[in-house]
Amino acid sequence: MTDIVEDLKWRGIIAQTTDEDALRKSLADGPITVYAGFDPTAASLHVGHLVIVLTLRRLQRAGHRPIALVGGATGLIGDPKPSAERQLNDTDTVRDWTGRIRGQLSAFLDFEGDRPDTAIMANNLDWTADLTAIDLLRDLGKHFSINQMLARDTVKSRLGGEGISYTEFSYVILQSFDYLELYRRHGCTLQIGGSDQWGNITAGLDLVRRVTGNTPHGQAHALTMNLLTKADGTKFGKTEGGAVWLDPELTTPYAFYQFWLNSDDRDVARYLRTFSFRSHDEIEALERESAERPAGRAAQRALAEELTTLVHGADQCAAAVEASRALFGQGDLATLDRATLNAAVAELPSASVTELPTVVDALVATGLVASKGAARRTVKEGGAYVNNVKVTEEDALLGADDLLHGQWVLLRRGKRNLGAVKLG
RNA sequence: GGCGGGUUGCCCGAGUGGCCAAAGGGAGCAGACUGUAAAUCUGUCGGCUGAUGCCUACGCAGGUUCGAACCCUGCACCCGCCA
């Protein structure tokens, strides 16, 4: 069995763990069961979640049993953020999102068979839906000290700010109960999560210890992962269009591929270490390549292709690569064959029109700019392109000779924002 | 409960009757340079409109005025100090 702790350290993933030697030993002694929870706060997971999901995958590959927990119950309550109270989502929405996220998670782990490392899917609604108020207060509440709960950073910052509802204040009890239930049901002895989850996870450890005395499954552990940061100080996983989702309906495979391809040189090595399943040697070779010849973006390409394949499949990845080549290639768009063009354009935001519009209207129709004023501004600034040729006339009209294969016009704002207009 | 201060555009923040779509900074966007990167510099940054017009906007509702982000009244929320 590979030393998974060493591997995770090499990747720079580990933020904090409880007793590291004890954790290392139990991981080495045999398969353990590990869980991570995902609350349905949106219709899809996003790239930030990949850090955790893929760590579960690594642990499974190292022979351990992963449990993917979807927070059908905790998603109804809301993990308190340091800044402000969350808006509650209605129960139907949460149920729908729970199902979607469950589907996404199932793609990253192996649930087939009945081996010691076969993954388990769980939903905390299963053990909280029938929990009575009396049970909650007697069996769980008695183990939680208000003094300790008040001392938590998130709670402190909320008390100093806009306040916190009893609902969110109680969230930690439910998450702790999850760990307890998974310990009892599946002998789960490790919970992993983002570094912001440290408090919730250790609260769960306390509950497990108090209720079970750490028997019969032994000591339970906690491991948190560094949240990815970006060299330019902005938040990882966001683009102009918002979060980068795993759901192809929300973020196309093309956009997903482009997101990774556009990684900052200074960040790409860390991303590779965090996400890639390539060998250490291969990753180090890519790092050298990137340092010596950054313009080639070998590391970005490798990262983008690996993750797009993992999340969307080899076919979708190949299509995204092909589309990127076609759309950003220096070649003449008019020489592209119809099939390649159609496939490329399918990846872009597009608009159908019945007659050829002005460039300004076309930019608005495809959603490349927010308003006509912004579109005019873009043209004036020289940031508008038709079929990769800069537009200089503010009131330019698209003409029949702009049509590619009699049907498409490719629009671009700036260097890398593409859209298409379809006639007919 | 009392007294005082505050609520401005995506964020921070100036503005105390007309010259205010509102200084300045940040974020965003575009250009130059490049590599679909970063940094830097420049421009831009409510909407509609082929040009100084219209609409929307300075917590909410109403009022005064030829004219209000700016004055008055009420309400909501936030922050201090005192009980």
Side-chain angles (χ1 to χ4, degrees), chain A residues 82-85 157-165 228-244 251-272 286-287 289-305 308 320-331 333 344 347-349 357-361 363-397 410-420:
Chain A
S83 51
E85 187 84 9
S157 81
R158 288 284 290 279
L159 289 173
E162 72 161 34
I164 181 169
S165 66
L228 278 173
T229 56
K230 286 186 15 179
D232 64 8
T234 58
K235 200 171 176 184
F236 170 77
K238 294 273 199 262
T239 63
E240 191 195 333
V244 179
T251 299
T252 63
Y254 166 79
F256 186 86
Y257 174 81
Q258 286 283 322
F259 167 75
W260 296 106
L261 186 66
N262 282 310
S263 300
D264 193 315
D265 294 342
R266 296 168 295 177
D267 293 324
V268 71
R270 276 186 310 118
Y271 293 175
L272 273 173
L286 284 166
E287 288 172 0
E289 168 87 29
S290 178
E292 285 160 19
R293 219 172 57 79
R297 288 187 297 170
Q300 279 91 336
R301 276 176 222 287
L303 177 70
E305 289 187 24
T308 308
V321 171
E322 198 51 42
S324 298
R325 274 207 198 108
L327 298 171
F328 286 100
Q330 57 280 63
L333 281 170
E347 305 289 347
L348 304 175
T358 62
V359 171
V360 164
D361 287 335
L363 284 167
V364 174
T366 54
L368 284 174
V369 297
S371 68
K372 286 189 169 189
R376 284 201 193 83
R377 206 180 299 135
T378 300
V379 174
K380 204 186 308 168
E381 290 168 338
Y385 298 78
V386 169
N387 297 332
N388 286 343
V389 177
K390 183 178 287 192
V391 177
T392 49
E393 297 291 317
E394 223 178 292
D395 50 2
L397 201 66
L410 187 69
L411 293 158
R412 194 169 104 218
R413 190 203 80 220
K415 283 186 209 169
R416 59 190 184 202
N417 305 290
L418 292 154

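Hydrogens, waters and symmetry mates play no part in the numbers below; they use all other heavy atoms, side chains included. Just so it is clear: chains get the letters A, B, ... in the order the sequence lines come, proteins before strands, and each one is counted from 1.
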Determine the interatomic distance between [atom1] on [N] and the same-named atom on [M]; round to the nearest Å.
| N | M | atom1 | result |
| --- | --- | --- | --- |
| B:G47 | B:U36 | P | 30 Å |
| B:G80 | B:A27 | P | 30 Å |
| B:G31 | B:C19 | C1' | 32 Å |
| B:U64 | B:G9 | P | 27 Å |
| B:C70 | B:A57 | C1' | 15 Å |
| B:U73 | B:A21 | C1' | 28 Å |
| B:A14 | B:C77 | P | 25 Å |
| B:G74 | B:G26 | C1' | 37 Å |

Checking base pairs now: Watson-Crick or wobble, both atom distances under 3.5 Å. What partners [N]?
| N | result |
| --- | --- |
| B:C71 | B:G63 |
| B:A37 | none |
| B:U52 | none |
| B:A30 | B:U42 |
| B:G80 | B:C3 |

* Structure fact -> A:Arg412 CZ to B:C29 P, in whole Å, measures 16 Å
* Grab the CD-P distance between A:Glu393 and B:G50 for me, whole Å please. => 16 Å
If you look at every strand shown and take non-hydrogen atoms under 4.0 Å, does [X] touch a base, only sugar-phosphate, or nothing?
| X | result |
| --- | --- |
| A:Thr378 | nothing |
| A:Lys372 | sugar-phosphate |
| A:Phe259 | nothing |
| A:Lys390 | sugar-phosphate |

* Asked: Which residues satisfy the side chain to side chain donor-acceptor pair (under 3.5 Å) test with A:Arg416, sequence neighbours excluded?
  -> none
* Using side chain to side chain donor-acceptor pair (under 3.5 Å) as the criterion, list what pairs up with A:Ser371, not counting sequence neighbours. => none
* N or O in side chain of A:Asn417 less than 4.0 angstrom from B:A30 OP1/OP2 -> yes
* Salt bridge present between A:Asp264 and A:Lys230 (N-O < 4.0 angstrom) -> no
* Residue pairs involving residues 289-300 of chain A (criterion side chain to side chain donor-acceptor pair (under 3.5 Å); sequence neighbours excluded) -> A:Asp265-A:Gln300
* To do: Could you tell me which residues satisfy side chain to side chain contact (heavy atoms under 4.5 Å, CB included) with A:Lys390, sequence neighbours excluded, listed by chain and number?
  => A:Tyr385
Donor-acceptor contacts, no H, no angles, side chain residues 252-262 of chain A, under 3.5 Å, sequence neighbours left out:
unit_1   : atom_1 : unit_2   : atom_2 : d
A:Thr252 : OG1    : A:Ala255 : N      : 3.0
A:Gln258 : NE2    : A:Ser324 : OG     : 2.9
A:Asn262 : ND2    : A:Gln258 : O      : 3.0

* For the side chain of A:Thr308 and the backbone of A:Glu305, is there at least one donor-acceptor N/O pair under 3.5 Å apart? -> no
* For the side chain of A:Asn417 and the backbone of A:Arg412, is there at least one donor-acceptor N/O pair under 3.5 Å apart? -> no
* Structure fact -> A correct 5'-to-3' footprint of nucleotides 34-45 of chain B, with B, S and - meaning base, sugar-phosphate only and no protein heavy atom under 4.0 Å, is BBBBSS---BSS
